[in-house]
Amino acid sequence: MRARSELLVIVLALAVAAVILVGEFAVYGNAYHYDADADADGNYAVTSSGTDVYDATLFDNGSFEAVDELYIYRDGDYGSVVNKVEVEVGAPEMTQSYYIGQLENNLDYLGFDNHKRVNAEALETIVSGDATGKGIVIIAGAIPSTVYDGTADSPILSWIANGGTLYWAGGIIGQYVANPEGTVEDVGQDKQSLFLGSECCNYMEQPKFPSMLKDFALDVIDNGFRDDLSLKSDHVIYAVDTSKLADGTYLSMGYTDGTYSSIAFVEHGKGQVCVLGGNYSNNQRMDMCQIVAAGLCWQSRILDHVDGSVTRDTQEGRLDVPEAHGNLSVYIYLGGYYSVYGERFLFE
Amino acid sequence: MNESAEKPARDWRFVGKTCLAVLAIGLAIRLLLAPLLSYPFDITYWGTIIQNAESGNGLYGLSGYFYTPVWGYILNAEGYLLNSLSTLDLFGIRFGDLLGIEALGDVHYSATVTTPVFNMAMKIPLVIVDTIVGYLVYRMVLEDTGDGRKAVMAFALWYLCPVVIYMSGVQAQFDCISAMLALVSIILFRKSHWFLGGAVFMVAALTKFFPAFLIFIFIIYIIRRNGGLKTGAIPFMKAVAGAVIAFLVIYAPAFLDGTAAYSLSFIFGRASDDKPLVSMLLFYLRLVFCVFVILGAAYMYARKSPENADRDFLRYCLLTLSAAGLMSSGPQYCIVFLPLLAYYIVAYDRKMTPWFAIIAFTGLFSALINNSFTLLSMASAYYGWIDPQTVIDLTTWQDNVLFGWRYQSFLIVADETVMTIAMVLNIGFQWAELDKSYKARKLRALLRYLKNFGRHEHESTQ
């Protein structure tokens with residue numbers, strides 16, 4: 001190839017090298033910076049070093065104190081009940097460990113970094129202490145015998161009733177007790193009523209191949225939460241039918257098949273249980289992180305919401321705060337359905 | 001070196017009217033399709049990859065990226081440029097009206113649809129790469145044959161190739177980048193740029209793994225080109241140094257944050273998919289055949305005399321890439337060898353043209369069938385041209401089952417069978433022209449007969 005063309009090829013090779021180096025910087029070089037701020041008057045500011053959509057939502061959480069400490073249960077010695085799920089070619093298998101690792105990374109960038117993994121023993125200690133402002137995540141499909149024995153006297157139920165929040169995903173809540181030998185005991189699906197007050201969970205037989213499971217909600221629950229929080233998971237297996245609960249004791253959001261809701265917060269004494277429908281999925285995990293980061297509860301109401309765009313700048317605005325309100329939270333996040341940053345602000 | 005390579009006749013220059021016409025037609029088709037049709041499943045992942053990096057989780061900290069790092073870096077370089085210079089703030093939206101498509105239970109059907117602007121941002125760089133590859137093929141043919149008309153034909157074969165147009169203009173797959181990098185490494189080695197050639201080869205291999213199989217041909221070429229093991233050792237070491245440094249630069253961050261293992265999950269994921277027994281057997285049969293061809297090509301090439309080794313370098317690269325591109329079933333994988341096949345057709349064997357067309361069109365049909373009516377999601381969601389329920393109904397129709405198979409599956413199997421046969425024959429036809437051994441003469445004759453669609457051809461001395 002002539003000298004000019006040879007030079008072009010060399011330049012092309014160097015251009016490829018430059019693109020790769022820019023890409024590496026963008027990926028690993030802390031290239032992006034975000035910030036957000038809000039005050040009790042509803043004033044907010046959101047900053048991005050790039051260009052992003054943002055959502056700022058003002059919630060009234062009634063008398064409930066938002067979860068500020070989160071404990072993620074994981075104990076490899078205790079039994080669990082986890083259904084195999086289909087993943088895309090090349091994707092890692094969606095195991096409990098993998099899910100929890102993803103959950104932690106996701107919570108961090110949404111501004112909720114006060115989380116910790118706990119085993120069955122540590123969980124026992126947690127549920128024997130103060131419950132207010134604390135949350136426990138269980139995705140094992142079974143609750144360890146250190147805190148639950150299938151009866152109404154179980155420590156975890158008392159803890160929830162005293163103000164704690166249990167986030168549950170995978171399986172019918174309360175059906176299985178996990179034992180330290182790695183086994184589980186089936187105490188019956190009716191035990192869901194210990195947590196939810198009623199038998200209201202969606203049960204479906206698991207088919208031979210995960211792809212054969214027809215578990216989809218085709219409608220959006222039209223109360224604003226799905227849009228304002230960019231909720232994604234439309235699966236409703238194991239989800240809650242809130243029509244079987246007393247009015248005013250629950251909040252559903254996300255998607256519905258007409259009966260079950262992909263996300264439901266259910267009052268339990270002074271605390272609450274939050275059930276996310278579906279087997280493991282990335283969308284479910286992202287939804288869980290959004291609702292934890294936003295500090296939601298069964299009493300939450302959207303007071304105001306603003307969305308917009310911020311481009312290498314700071315955008316300011318104001319959310320309307322009514323005269324009378326309960327505990328307030330402002331949750332701001334960037335990126336919409338492709339969230340990249342979040343932060344919440346709590347006010348009384 | 002051909003004198004005419006410097007300045008072909010006016011009509012056959014790259015900026016001559018014929019080439020510009022080809023360029024204009026190819027660009028027009030791509031830019032027309034790009035904002036109209038998109039495959040949500042793939043492009044939403046490109047958005048996720050950028051999102052994960054923007055959230056501070058690197059390439060592998062959050063689920064969404066399963067390849068070796070290069071494509072992730074390229075995407076994020078684009079993302080960085082977009083963040084620095086544009087106002088592209090929204091990647092995509094989850095449309096409630098399209099949820100029914102997910103209810104069909106195929107992981108490839110998604111109600112999350114990326115925006116037209118984001119889609120264009122992903123596709124335009126690929127269109128540019130298509131053009132660069134076309135130019136490289138043009139220059140290679142011009143230099144080696146001195147014939148500007150042939151050079152333009154090779155450019156046209158590549159640039160107007162249906163599956164190439166589809167992959168950059170519609171599906172936004174990055175196989176053209178892999179093809180470009182493989183070509184650049186080949187050219188650099190031909191020009192004795194050992195270090196840079198080795199580095200670009202490694203980048204190519206870490207973009208999609210198909211070019212990695214060129215390693216055997218490259219090693220033999222470097223050594224023979226430089227007069228044997230003794231005198232070839234230093235150029236070889238330069239190439240190795242380039243490859244190693246490129247590897248370290250690319251992989252260092254993933255090693256440091258402990259996520260490097262995730263970068264191989266796509267390769268091993270394909271190999272270990274839960275498939276029915278027949279599919280697994282066919283998969284391994286295919287793999288064994290391809291490995292046999294790749295190693296056989298290296299063996300044949302190693303036995304060539306040094307002057308023939310230089311002359312046949314491109315042909316053995318083509319044979320190797322033809323086998324590599326066959327290893328995994330997927331309509332886009334043929335793109336890695338199509339540039340060299342275009343070169344080969346105009347430089348050596350015009351009779352391969354129909355086979356090029358068969359591969360190109362079966363690749364296109366396979367992609368269309370695979371992507372199916374989800375291609376209409378963007379037009380439905382953002383332009384309102386098609387009712388979302390229509391998209392769902394059409395996709396549901398193709399999911400109807402006949403004798404236990406979906407309608408779509410029938411079409412895919414039929415099309416991919418033809419494509420696979422064409423790709424296997426492509427390998428066979430090339431081999432028949434490269435292997436002059438006496439004992440294979442009957443097989444060669446049969447292959448030539450097939451290549452000519454039943455017309456007999458005498459063995460050439462080429």
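In what follows, every heavy atom counts, from backbone to side chain, and hydrogens, waters and symmetry copies are set aside. Residue numbering restarts at 1 for every chain, and letters A, B, ... go by the order of the sequence lines.
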Close side-chain approach of A:Asp307 and A:His305, heavy atoms under 4.5 Å = yes
Between B:Trp46 and B:Phe174, what is the ring plane arrangement, given parallel below 30°, perpendicular above 60°, and tilted in between?
-> perpendicular
Assign the ring pair B:Tyr45 / B:Phe41 to parallel, tilted or perpendicular, where the plane angle (0 to 90°) is split at 30° and 60°.
-> perpendicular
Any idea which of [options] has the most non-hydrogen atom pairs under 4.5 angstrom with chain A?
options	value
B:Ile132, B:Asp106, B:Leu88, B:Leu81	B:Leu88
B:Met180, B:His108, B:Glu102, B:Glu78	B:Glu102
B:Val200, B:Ile50, B:Leu59, B:Ile74	B:Leu59
B:Asp257, B:Ile177, B:Leu98, B:Leu85	B:Leu85
B:Val70, B:Ile49, B:Val249	B:Val249
B:Pro69, B:Ser86, B:Gly79	B:Ser86

Nearest atoms (heavy-atom pairs only) where B:Gln51 meets B:Phe91 | N-CE1, 4.2 Å
Heavy-atom closest pair, residues A:Ser339 and A:Tyr109 = OG-OH, 3.0 Å
Within the side chain of A:Arg312, is there an N or O that forms a donor-acceptor pair under 3.5 Å with the backbone of A:Ser48?
-> no
Is it true that a side-chain atom of B:Ser55 and a backbone atom of A:Val340 form a donor plus acceptor pair closer than 3.5 Å?
-> no
If you tally heavy-atom pairs under 4.5 Å against chain B, which of [options] wins?
options	answer
A:Leu12, A:Asn282, A:Asp234, A:Leu8	A:Asp234
A:Val220, A:Ile20, A:Leu21, A:Asp108	A:Ile20
A:Asn105, A:Asp227, A:Asn30	A:Asn105
A:Tyr341, A:Tyr255, A:Tyr54	A:Tyr255
A:Val22, A:Leu218, A:Val310, A:Asp219	A:Leu218
A:Ser309, A:Gly101, A:Gly336	A:Ser309

Counting only non-hydrogen atoms closer than 4.5 Å, does [X] touch chain A with its backbone (N, CA, C, O), its side chain (CB onward), both, or neither?
X	result
B:Tyr135	side chain
B:Leu75	neither
B:Thr44	both

Is the cationic atom of A:Lys232 (NZ for Lys, CZ for Arg) positioned less than 6.0 Å from the six-membered ring centroid of A:Tyr338 and within 45 degrees of its normal?
-> yes
Going through the checks in order, is the side chain to side chain contact (heavy atoms under 4.5 Å, CB included) test met by B:Leu196 and A:Ile10?
-> CA-CA 8 Å; B:Leu196 202 52; A:Ile10 293 171; 3.9 Å; yes
Chain B heavy atoms under 4.5 Å from A:Asn283: which part of the residue, side chain, backbone, both or neither?
-> side chain
Side-chain ion pair, A:Glu6 and B:Arg190, N-O less than 4.0 Å = no
